[in-house]
Amino acid sequence: MARGSAVAWAALGPLLWGCALGLQGGMLYPQESPSRECKELDGLWSFRADFSDNRRRGFEEQWYRRPLWESGPTVDMPVPSSFNDISQDWRLRHFVGWVWYEREVILPERWTQDLRTRVVLRIGSAHSYAIVWVNGVDTLEHEGGYLPFEADISNLVQVGPLPSRLRITIAINNTLTPTTLPPGTIQYLTDTSNPPILGIPRVTLSRTHILTFSTTLDCSGLYFCTRHPPPTSMTSPSPPAWSKTVVRASGLVNYQISVKGSNLFKLEVRLLDAENKVVANGTGTQGQLKVPGVSLWWPYLMHERPAYLYSLEVQLTAQTSLGPVSDFYTLPVGIRTVAVTKSQFLINGKPFYFHGVNKHEDADIRGKGFDWPLLVKDFNLLRWLGANAFRTSHYPYAEEVMQMCDRYGIVVIDECPGVGLALPQFFNNVSLHHHMQVMEEVVRRDKNHPAVVMWSVANEPASHLESAGYYLKMVIAHTKSLDPSRPVTFVSNSNYAADKGAPYVDVICLNSYYSWYHDYGHLELIQLQLATQFENWYKKYQKPIIQSEYGAETIAGFHQDPPLMFTEEYQKSLLEQYHLGLDQKRRKYVVGELIWNFADFMTEQSPTRVLGNKKGIFTRQRQPKSAAFLLRERYWKIANETRYPHSVAKSQCLENSLFT
Ligand code: BDP
């Protein structure tokens, strides 16, 4: 499995589904409450890779029917983690095909004996095709990595007097094909050139009542109201007049909840402020909560009180054939608006400049496995840097990451796994359909996060192709129909004159590697090339532009002056030249800059990679290269120019901050 973990959960109460965006159902993050319990299944799982020639021995011998050790040797595999770097077996480092995970779980008696209990098995993510069996019974299949999926397994655990022992078996296939996302052309034994890094997700078991108020409570319809109406169009031509009138506005929270399992229920909704004072009430499955004198959710460094969160408490009580049940869930809510003009990105009506990074979920040994110490370290580094944003390049990150962004005010461009769409055959109808399905899952999972301000449907697709133009148009239109409240983009590395997808985006995101992949060594060309890039794109499209990637491969500790490629001096000089170019357009229509990359990360082997990609400003172990200090100085300077209301920001991280 990949990155996430598995969770089982259970709760009391009617099944609560909902969304403000009209999706069918939803999937609430597993949370404990007076009616809900969770059991994280992180830890050691039994593991076996199927090394047979056709990789299908596990299915032919039905490994899921009995404990895995009975069908052959197993090894310990930690969850969550990628399996690639855990063992000393080189075959596993590069393995493509089916791998098998298994774990036994003992359930508390109250989960299995109280028939009003609903037990749900949730897989945080598995890359990229997964089949799940519970006690040998085929329970769940899911296509696509990085996103959660779940199944109600109550009927499997509540079948006998005390069937409290569960055997969970998960088979995962990491093969990339022209119709997977990301796509690829790996075949089992004949081609192992591009093995994906993967591992097991987090599994959770949880308990709710049979009528659970299980999954979604969506309230992404968060509207910010002033005396003047907010802009109706995402791309209104000029900064809206109402943006000047924002003083103490009212916030509007639209909620929509759907309940499964009972028609006889009562829903009560309360919105609490950060001091736990109730500021609005509602009843029923949908409604609008009005918050006078609202405290808005502001990005980090943009306001003296950033990341203000309310709590939306939902209480469900219902009658079922088994008696009365109730369920509770609390959702953090940030109230803010997002809008785009032809030259600005507005948050709460104020121009927002993205000064941030691109990331990867990656670290030594664990690979893509979720890790709290790493996550907190990364957020401390982001704040130290004065970064206010990142892009989830090139896939959705763990839900805990999104929660941290909400709490820390780090703005997110939420990207789906649409990376590597480089060949004409990848733009087919099957892929298009799957890509749309993936966007549904991304939006369904992340739409309630105030930190998410824009969706990115792809990174560097071959957008000069006619077929890619149609494909991108359809995926973007679909994403907008799922969530009309946020702008949508994809990240392009095409030429402005050839790009067929740009007409459909709200914001143009551009990757360019001047003086690295082009004209390498020639730092003196960067400013001219950058100015030409920006001017051409802006003239053609009149849309705000983000420099979504730029950077240089740098081996920490390599030095050379005058600067040569791969040294810390070269990375610094390249950044400096880019910054001069960005400053020329920053107050005009360039609305952001995201360095490639936050930290060094592992990749497949190639002659251009020295133990992975070394374009990080931090090493893979999160130690700064010289460029990190340069970027830090710049980001804090920009933050102090763009802060609202204007005052000088202080570094919260270092005593020797530039501004203390
Ligand atoms: C960009 C890609 C990114 C790569 C980067 C690089 O978007 O995923 O890691 O190039 O080569 O084009 O460093």
Side-chain angles (χ1 to χ4, degrees), residues 127 145-146 176 181-184 193-197 354 356-363 367-368 390-397 413-423 426 456-464 468 472 489-496 498-499 501-502 505 508-521 526 529-530 533 545-556 558 565-568 570-571 574-575 578 592-620 625 627 631:
H127 191 64
Y146 310 108
L176 301 183
L181 205 64
S193 60
N194 187 23
I197 306 290
F354 295 76
V357 303
N358 292 277
K359 284 186 99 263
H360 263 300
E361 291 191 306
D362 172 80
K368 282 198 192 309
F390 67 77
R391 172 169 67 121
T392 65
S393 46
H394 300 304
Y395 41 82
Y397 294 174
I413 300 173
D414 200 347
E415 188 159 275
C416 85
V419 60
L421 289 154
L423 301 175
F426 295 162
S456 165
V457 301
N459 178 67
E460 298 186 352
S463 49
H464 59 282
L472 289 164
T489 191
F490 76 92
V491 169
S492 176
N493 66 344
S494 290
N495 180 276
Y496 79 100
D499 195 291
V505 301
I508 305 235
C509 287
L510 300 177
N511 293 352
S512 60
Y513 284 89
Y514 301 128
S515 296
W516 190 261
Y517 291 124
H518 313 278
D519 301 309
Y520 37 85
I526 290 177
Q529 287 169 328
L530 205 54
Q533 167 196 277
I545 301 177
I546 295 176
Q547 181 69 41
S548 41
E549 284 184 30
Y550 68 105
E553 213 81 23
T554 309
I555 317 287
F558 273 27
M565 292 173 82
F566 294 99
T567 65
E568 297 201 27
Y570 192 87
Q571 186 182 39
L574 185 143
L575 262 55
Y578 259 91
E593 55 189 85
L594 305 174
I595 185 80
W596 190 265
N597 189 286
F598 173 72
D600 294 345
F601 59 92
M602 189 47 75
T603 64
E604 73 269 31
Q605 301 185 75
S606 96
T608 60
R609 305 290 188 230
V610 185
L611 266 186
N613 189 309
K614 290 281 187 287
K615 294 196 185 71
I617 52 161
F618 297 102
T619 63
R620 201 181 187 203
K625 301 178 191 172
L631 210 59

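Any value given below was found using the heavy atoms of this structure, including those in side chains, with hydrogens, waters and symmetry copies removed. Just so you know, ligand 1 is whichever comes first in the structure, and atom 1 is the first atom listed for that ligand. FYI, the numbering just counts along the sequence from 1.
Applying the salt bridge (charged side-chain N to carboxylate O under 4.0 Å, His left out) test to D414 and every residue at least two apart in sequence or in another chain returns nothing. Remark: N597 engages no residue in a side-chain hydrogen bond (donor to acceptor under 3.5 Å, both in side chains) (not counting sequence neighbours). Under the ring-ring contact (aromatic ring centres under 6.0 Å, His included) criterion, F598 pairs with F618, not counting sequence neighbours.
Counting only N and O atoms by type, the side chains of E460 and N511 include a donor and acceptor under 3.5 Å apart.
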Identify all N/O pairs between ligand 1 and the protein with a separation under 3.5 Å and present them as a table of atom names and distances.
unit_1: ligand 1; atom_1: 7 (O); unit_2: N459; atom_2: ND2; d: 2.9
unit_1: ligand 1; atom_1: 7 (O); unit_2: E460; atom_2: OE2; d: 3.3
unit_1: ligand 1; atom_1: 7 (O); unit_2: E549; atom_2: OE1; d: 3.1
unit_1: ligand 1; atom_1: 7 (O); unit_2: E549; atom_2: OE2; d: 2.8
unit_1: ligand 1; atom_1: 8 (O); unit_2: H394; atom_2: NE2; d: 2.6
unit_1: ligand 1; atom_1: 9 (O); unit_2: W596; atom_2: NE1; d: 3.2
unit_1: ligand 1; atom_1: 9 (O); unit_2: N613; atom_2: ND2; d: 3.2
unit_1: ligand 1; atom_1: 11 (O); unit_2: Y517; atom_2: OH; d: 2.4
unit_1: ligand 1; atom_1: 11 (O); unit_2: R609; atom_2: NH2; d: 2.9
unit_1: ligand 1; atom_1: 11 (O); unit_2: K615; atom_2: NZ; d: 3.4
unit_1: ligand 1; atom_1: 12 (O); unit_2: E460; atom_2: OE1; d: 2.8
unit_1: ligand 1; atom_1: 12 (O); unit_2: E460; atom_2: OE2; d: 2.5
unit_1: ligand 1; atom_1: 13 (O); unit_2: W596; atom_2: NE1; d: 3.4
unit_1: ligand 1; atom_1: 13 (O); unit_2: N613; atom_2: ND2; d: 2.8
unit_1: ligand 1; atom_1: 13 (O); unit_2: K615; atom_2: NZ; d: 2.5

Assess the residue pair Y395 and K368 against the criterion (side chain to side chain donor-acceptor pair (under 3.5 Å)); give the C-alpha distance rounded to whole Å, side-chain angles, the decisive distance to 0.1 Å, and a yes or no. CA-CA 11 Å; Y395 41 82; K368 282 198 192 309; 3.0 Å; yes
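Put simply, CG on L574 and CD1 on I526 are 4.0 Å apart, with the number rounded to the nearest 0.5 Å.
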